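Notes follow once the structure below has been shown.
Keep in mind that this is a model prediction, so the values were computed, not measured. Each chain gets a letter, A, B and so on, in the order the sequences are listed, and its residues count up from 1.
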2 protein chains.
Amino acid sequence: MATLKDISAELGLSVATVSRALNGFPEVNKKTRDKVQQAADRLGYRPNRVAQRLVTGRSGMVGLIIKIKPDMSADQTFFEVITALTAGLAARDTELVLAVDQGTDPVAPYRRMIEKNILDGFILNEPEVNDARVAFLLEQKVPFILHGTDRDDPPYPFYRIDNQKVASDSIDLLARLGHKRIALINARLRHHFAHERLEGFLKAMDRHNLSSDLVKTENWLADDGYMSALELLAHASPPTAFVCASTPIAYGVMRAIRDKGLRVPEDVSVVAHDDAMPVPRAVTLDHALTVTRSPLRDACEPLAHMLMDHLNGKSVADLQVTLTADMIVRGSTGPAPKGGVLT
Amino acid sequence: MATLKDISAELGLSVATVSRALNGFPEVNKKTRDKVQQAADRLGYRPNRVAQRLVTGRSGMVGLIIKIKPDMSADQTFFEVITALTAGLAARDTELVLAVDQGTDPVAPYRRMIEKNILDGFILNEPEVNDARVAFLLEQKVPFILHGTDRDDPPYPFYRIDNQKVASDSIDLLARLGHKRIALINARLRHHFAHERLEGFLKAMDRHNLSSDLVKTENWLADDGYMSALELLAHASPPTAFVCASTPIAYGVMRAIRDKGLRVPEDVSVVAHDDAMPVPRAVTLDHALTVTRSPLRDACEPLAHMLMDHLNGKSVADLQVTLTADMIVRGSTGPAPKGGVLT
DNA sequence: AGGATTTTTCAAAACGTTTTAAATTTGTAT
DNA sequence: ATACAAATTTAAAACGTTTTGAAAAATCCT
């Protein structure tokens, strides 16, 4: 493998000049630069990343530690995330190193990687409230970027959506359609975003002078939505609309509604937040579901770039991005039923 | 971050001695070694991997390029594979760098990674016959290890199972049970292992003086097995036993058998090869299925170690491992029916 | 032409480690 | 003590880059 020295020997130039020529420094003569570039091409020169990294103090690798579910099942969106992430990082000449978190201590794999002393930073996702990993990385002063947040005024770089607005937009839409009894099936409160959604929900309901008594906290999947919806529909004054934390929950809710002999959207409206948008579901049922939408994969390239900017010393304040989710109105929402569902 | 120089300054020793002490060289005095170790602990010394790698010429990273299916769906066993692979590599102080192959040219992502000049080698899986990636890596003289093989006498390190034996063991079992009409539902012949299975099947059938006219080549999933089985069962002299390339195929086959009003194993026996053994399936249906078994994940740690051995110069001949799959007889196989299925 | 700039190139240091070859210390046998 | 071998330690080179500070070359101005 050709090195800078080879090129410099070939051309009778110093290594320093060759290095500068190839790295586009302005103070090198056009003629020289061309000669160097040509020689580099001819000799098939590829910079030795390891040497570069030794002198720059960077490893050129960032870590992603994936949490594996007990059943070892693959997350629907995992490949999408990986694809976008590696693409974004590659553009910044950085590799993604994967590690697996199987244990009970969420911090352990981070500690292991840090001790190996080989990563420039981490990408974290799915933060819990006051996330232990976040606390650890802050304490260790290891750079990272978070998809989402784990507290209200985070002192670290993040990329997230405005979850209060996700909730309040949904409420606003439903209220405009005349709904009075609106239920929230929220995610588990260990997720920080669930707190934000709840807050947005409560504020918006208040603003519309509606009662926020139909709130449930549930797991992520269809069965969870199904069970919750059944309970809520059994209420003396049942909801005419559901705001759901996830699309699977929404499908469960719709099944429950159907099972109760009711129709969507004539009798009951359903809104969900959709952060996944996996291909198969999109073509089958999604067309029917009104959602606030912010695909996970869209977050990945910005995440990669922001982490790199962070490593390059960009100030944290400039690396705190909050996006607004799109509101996509489809067939699962309609005007509130005239006399209430059960009349 | 403390360096060797810091320790050497602290103790008034040379950097070389400190390095040797920490790396367990025999020629360093016990007393010195202890002092050094102690100082290293006290200062929280961690070797700078990048510097190590510069001098050893290794990057300490190997690549795994994952092929993503058009629907972005996650492979059932992906996480198992990743988990075992990272564990095996970590034991050899090596990281797994992930890249994604989305394009049409299977070689492109490998070329990209090689040009980046950052990986010590690759782990390849799911080889096709005369795999283009294999040819490319051989030509580029980039070290790799293959899970499986792509040709008959491979000049590279591999870890595989004896696929001829997988087929012939299945036939032997069924022949012992008195089956005469045995069908093979093989995988697509672009997979090299499918050729090996076919060869094993033909030889074994020959050995038992049975006719090999019931052979189909199919995709991997339940529906494929279902369709093939229906066709085969419509034969004038239908099979009393099926040998299936995968467990999903086997489930499709069993469904077809049931739909024809036949029972497993009284009327028809089913054997499959199981390389996945995902948790959920194991508890539901697997107990019933007789299989030749060689879980994918069991291959991962050996793969990691063999690649590292390869990088360390171990001869290729010592890195060509062929295992025998286990034969696990369960409820889906039984004696051949007395007078044939249709009498 | 000669001094003052400006542009371009260079030698050397630095990054943190491993390893080679040589030097020093220690031990042993005369 | 002396010579010789063995055990231990050392200085220095090497890995391939970037970067600093200085030198050389080219250009400009009178």
Side-chain angles (χ1 to χ4, degrees), chain A residues 1-40 43-61 93-95 115-120 311-313, chain B residues 1-37 39-40 43-61 93-94 115-120 311-313:
Chain A
M1 184 61 56
T3 70
L4 286 186
K5 197 149 64 163
D6 296 335
I7 300 180
S8 77
E10 177 97 0
L11 298 174
L13 286 169
S14 77
V15 170
T17 304
V18 174
S19 170
R20 283 201 248 270
L22 292 174
N23 288 316
F25 279 53
E27 69 265 35
V28 43
N29 193 338
K30 173 98 171 64
K31 250 184 191 152
T32 316
R33 185 192 306 284
D34 291 347
K35 257 196 326 199
V36 169
Q37 191 55 257
Q38 214 173 314
L43 299 177
Y45 170 76
R46 301 273 160 210
N48 180 325
R49 302 286 176 198
V50 174
Q52 284 181 327
R53 284 158 184 179
L54 177 59
V55 58
T56 58
R58 290 278 188 71
S59 77
M61 301 189 271
D93 204 32
T94 300
E95 308 305 321
E115 283 181 352
K116 281 200 171 170
N117 198 356
I118 205 178
L119 294 181
D120 294 332
L311 293 176
N312 289 332
Chain B
M1 186 60 55
T3 69
L4 285 186
K5 196 150 64 166
D6 296 335
I7 300 180
S8 78
E10 177 96 359
L11 298 175
L13 286 170
S14 77
V15 171
T17 304
V18 175
S19 170
R20 281 201 249 271
L22 292 174
N23 288 317
F25 279 53
E27 69 265 37
V28 44
N29 193 333
K30 173 98 171 62
K31 252 186 189 147
T32 316
R33 185 192 306 283
D34 291 347
K35 259 196 325 201
V36 169
Q37 191 55 257
L43 298 177
Y45 170 77
R46 302 268 160 215
N48 181 324
R49 302 285 176 198
V50 174
Q52 283 182 328
R53 283 156 186 183
L54 178 59
V55 57
T56 58
R58 291 279 186 72
S59 76
M61 301 189 273
D93 205 33
T94 300
E115 283 180 352
K116 280 199 170 170
N117 198 356
I118 206 180
L119 293 182
D120 294 333
L311 293 176
N312 289 332

For B/R53, which residues count as a salt bridge (charged side-chain N to carboxylate O under 4.0 Å, His left out) partner, sequence neighbours excluded? none
Side chain of A/N48 - closest among D/dC15, C/dT17, D/dT17: D/dT17
In this structure, how many angstroms lie between the [atom2] atom of [N] and the [atom1] atom of [X], rounded?
X     : N      : atom1 : atom2 : result
B/D93 : C/dT17 : CG    : C1'   : 14 Å
A/R46 : D/dT17 : CZ    : C1'   : 16 Å
B/L43 : C/dG16 : CG    : C1'   : 15 Å
A/F25 : D/dT18 : CZ    : P     : 8 Å
A/R49 : D/dT18 : CZ    : C1'   : 14 Å
B/Y45 : C/dT18 : OH    : C1'   : 10 Å
A/L54 : C/dC15 : CG    : C1'   : 4 Å
A/N23 : D/dG16 : CG    : P     : 17 Å

Provide the full list of salt bridge (Lys or Arg N to Asp or Glu O under 4.0 Å) pairs with a residue in residues 6-26 of chain B, sequence neighbours left out, each pair given once. B/E10-B/R42, B/R20-B/E27
How would you list, by chain and number, every residue that makes a side-chain hydrogen bond (donor to acceptor under 3.5 Å, both in side chains) with A/D34, sequence neighbours excluded? A/K30
B/R58 pairs by side-chain hydrogen bond (donor to acceptor under 3.5 Å, both in side chains) with which of B/N312, B/T94, B/D120? B/N312
Any sub-3.5 Å donor-acceptor pair from A/N23's side-chain atoms to A/F25's backbone N or O? no
Identify the heavy atoms of [X] and [Y] that sit nearest to each other, and give their distance.
X     : Y     : answer
B/Q52 : B/P47 : NE2-CB, 3.5 Å
A/S14 : A/S8  : C-CB, 3.8 Å
B/S19 : B/L4  : CB-CD1, 3.8 Å

Report the distance from atom NZ of B/K35 to atom CG of B/L11, rounding to the nearest 0.5 Å. 6.0 Å
Determine whether B/V18 and B/L22 make a side-chain contact, defined as any pair of heavy atoms from C-beta on separated by less than 4.5 Å. yes
Check whether any side-chain heavy atom of A/M1 sits under 4.5 Å from a side-chain heavy atom of A/N48, and report yes or no. no
Tell me whether the OP1 or OP2 atom of C/dT18 has a side-chain N or O from B/T56 closer than 4.0 Å. no
Any chance you could list the contact pattern along nucleotides 23-28 of chain C? Use B for base contacts, S for sugar-phosphate-only contacts and - for none, protein heavy atoms under 4.0 Å, 5' to 3'. ------
Sugar-phosphate atoms are those with a prime plus P, OP1 and OP2; base atoms are the rest. Using that split, label each nucleotide of nucleotides 6-14 of chain D B, S or - for protein heavy atoms under 4.0 Å, 5' to 3'. --SBBB---
What residues in residues 2-9 of chain B put a non-hydrogen atom under 4.0 Å from any atom of DNA chain D? none
